[in-house]
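What follows is a single structure, written as structure tokens, with notes after it.
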Amino acid sequence: VPAELQTLLKTFSERIEKAVYQKNKQEMSDSVDSVKKEFFAEAVEKHPDIFQKGACEILFDEEINDIVHRRIIEKGERPDGRKPDELRELRAAVAVLPRVHGSGIFMRGQTHALATLTLGAPGDEQIIEGMEIRTKKRFLLHYNFPPFSVGETKPMRGPGRREIGHGALAGKALLPLLPDRDAFPYTIRVVSEILSSNGSSSMASVCGASLALMDAGVPLKKPAAGAAMGLMLNEKGDYKVLTDIQGPEDHHGDMDFKVAGTRDGITAVQMD
């Protein structure tokens, strides 16, 4: 990458930092895009011979990465103003939909999950047949991540790798807490609809599903909850562990892992 472009980018550092460190996701995104356009325009004007769009994109992203790492590790300041161990604002409600057996909505900041539950007869269990396995599944948790949840417009097709993986993770978190078949023989299907997403939607699904299960009268052994944890690490080995990560912390962080469970222990973990 040409040194001239790196020098020019340093003059934008304060503006980039101000743009990234905002509470509102949309305002942050708009501000970052605005500063990026200004940087590109000045780079083309001052260095037309060496301007490379791809190189400038990488430089800009690395500058955000350095700013976020420095402020979190050295000062404990996260982009939305929280402390490293602080959660976003939580809100929850049950029985929000009258026509289903159970429902719950869970909101953590700008991540909102609506969980709906339907009970079926034992004969409604899902039959699973493979080359080496033949079994039935009485608890199903399906996860939907529509494009509008992140402000995008895309075709609404079948579940992808992400939807299947997130649904499986949330389902595993709740499976050990369900009542035994003898005590509660019904087939249980939960669908988590992500209405808005700014990180940790799979763990919001665990929380929403717990609410829906209790609303439907399923005798859970204990309610479960989950959060996405993150790690910021610099070259010196200094680090900060972050609770309930979102947006830039997920993208620019060095590692994130989801953890779900009860007060007494962990029921599911996924490391990315």
Side-chain angles (χ1 to χ4, degrees), residues 1 3 5-25 27-29 31-33 35-36 39 54-90 108-111 145 150 161-162 165-166 168-170 172-173 197-207 225-261 265-272:
V1 178
L5 293 176
Q6 291 179 318
T7 304
L8 177 63
L9 181 62
K10 289 299 176 187
T11 65
F12 282 83
S13 189
E14 282 187 22
R15 276 179 277 177
I16 294 170
E17 189 168 337
K18 190 176 179 182
V20 171
Y21 270 72
Q22 295 189 62
K23 286 188 178 183
N24 186 278
K25 178 185 176 182
E27 288 175 8
M28 184 206 75
S29 181
S31 299
V32 169
D33 287 344
V35 176
K36 185 189 282 189
F39 167 59
C56 286
E57 288 274 6
I58 293 168
L59 266 179
F60 195 87
D61 201 54
E62 284 179 351
E63 184 65 21
I64 295 175
N65 188 67
D66 291 344
I67 289 166
V68 172
H69 272 74
R70 188 182 69 250
R71 280 191 63 169
I72 289 176
I73 293 171
E74 293 178 7
K75 300 179 182 178
E77 296 174 351
R78 298 168 70 173
D80 61 356
R82 285 182 291 151
K83 295 173 184 174
D85 60 351
E86 198 174 345
L87 292 166
R88 288 172 285 174
E89 181 187 358
L90 302 177
R108 182 159 37 209
Q110 290 171 299
T111 297
F145 190 83
V150 284
R161 181 176 60 88
R162 174 200 173 91
H166 279 27
L169 175 63
K172 284 180 180 178
S197 178
N198 190 14
S200 191
S201 58
S202 62
M203 294 296 95
S205 298
V206 174
C207 301
M229 307 294 290
L231 180 73
M232 288 285 174
L233 178 71
N234 65 16
E235 293 173 356
K236 299 175 187 174
D238 302 321
Y239 68 91
K240 276 276 194 304
V241 176
L242 306 176
T243 303
D244 183 27
I245 58 170
Q246 63 173 1
E249 298 162 348
D250 190 5
H251 180 69
H252 296 286
D254 297 292
M255 194 243 337
D256 67 285
F257 63 100
K258 283 99 174 177
V259 55
I266 293 167
T267 54
V269 171
Q270 177 178 290
M271 194 169 288
D272 296 343

Pairs under 3.5 angstrom only: tabulate donor-acceptor contacts from the side chains of residues 56-63 to other protein residues two or more places apart or in another chain.
unit_1 : atom_1 : unit_2 : atom_2 : d
Glu57  : OE1    : Lys36  : NZ     : 3.1
Glu63  : OE1    : Lys10  : NZ     : 3.2
Glu63  : OE2    : Ser13  : OG     : 2.9

Quiz item: With sequence neighbours excluded, what pairs up with Glu77 under the side chain to side chain donor-acceptor pair (under 3.5 Å) test?
Solution: Arg71
Quiz item: Quick one: side chain to side chain donor-acceptor pair (under 3.5 Å) partners of Lys258, sequence neighbours excluded?
Solution: Asp272
Quiz item: Among all residues two or more places apart in sequence or in another chain, which pass the side chain to side chain donor-acceptor pair (under 3.5 Å) test with Arg108?
Solution: none
Quiz item: Who are the side chain to side chain contact (heavy atoms under 4.5 Å, CB included) partners of Ala19, not counting sequence neighbours?
Solution: Ser31, Val32, Val35
Quiz item: How would you list, by chain and number, every residue that makes a side chain to side chain contact (heavy atoms under 4.5 Å, CB included) with Asp254, sequence neighbours excluded?
Solution: His69, Leu233
Quiz item: For Ser201, which residues count as a side chain to side chain donor-acceptor pair (under 3.5 Å) partner, sequence neighbours excluded?
Solution: Tyr143
Quiz prompt | Heavy-atom closest contact (Phe257 atom, Met271 atom, distance) | solution = CB-CA, 3.8 Å
Exercise. Tell me, please, which residues at least two apart from Lys83 pass side chain to side chain contact (heavy atoms under 4.5 Å, CB included).
Key: Asp85, Glu86
Practice problem: For Gln110, enumerate each residue passing the side chain to side chain contact (heavy atoms under 4.5 Å, CB included) test, keeping only those at least two apart in sequence or located in another chain. | Solution: Asn24, Lys25, Ser196, Asn198
Practice problem: For Arg15, check salt bridge (charged side-chain N to carboxylate O under 4.0 Å, His left out) against everything at least two apart and list the hits. | Solution: Glu38
Quiz prompt | ring-ring contact (aromatic ring centres under 6.0 Å, His included) involving Phe39 - partner list, sequence neighbours excluded | solution = Phe12
Quiz prompt | Arg88: partners by salt bridge (charged side-chain N to carboxylate O under 4.0 Å, His left out), with sequence neighbours left out | solution = Asp244
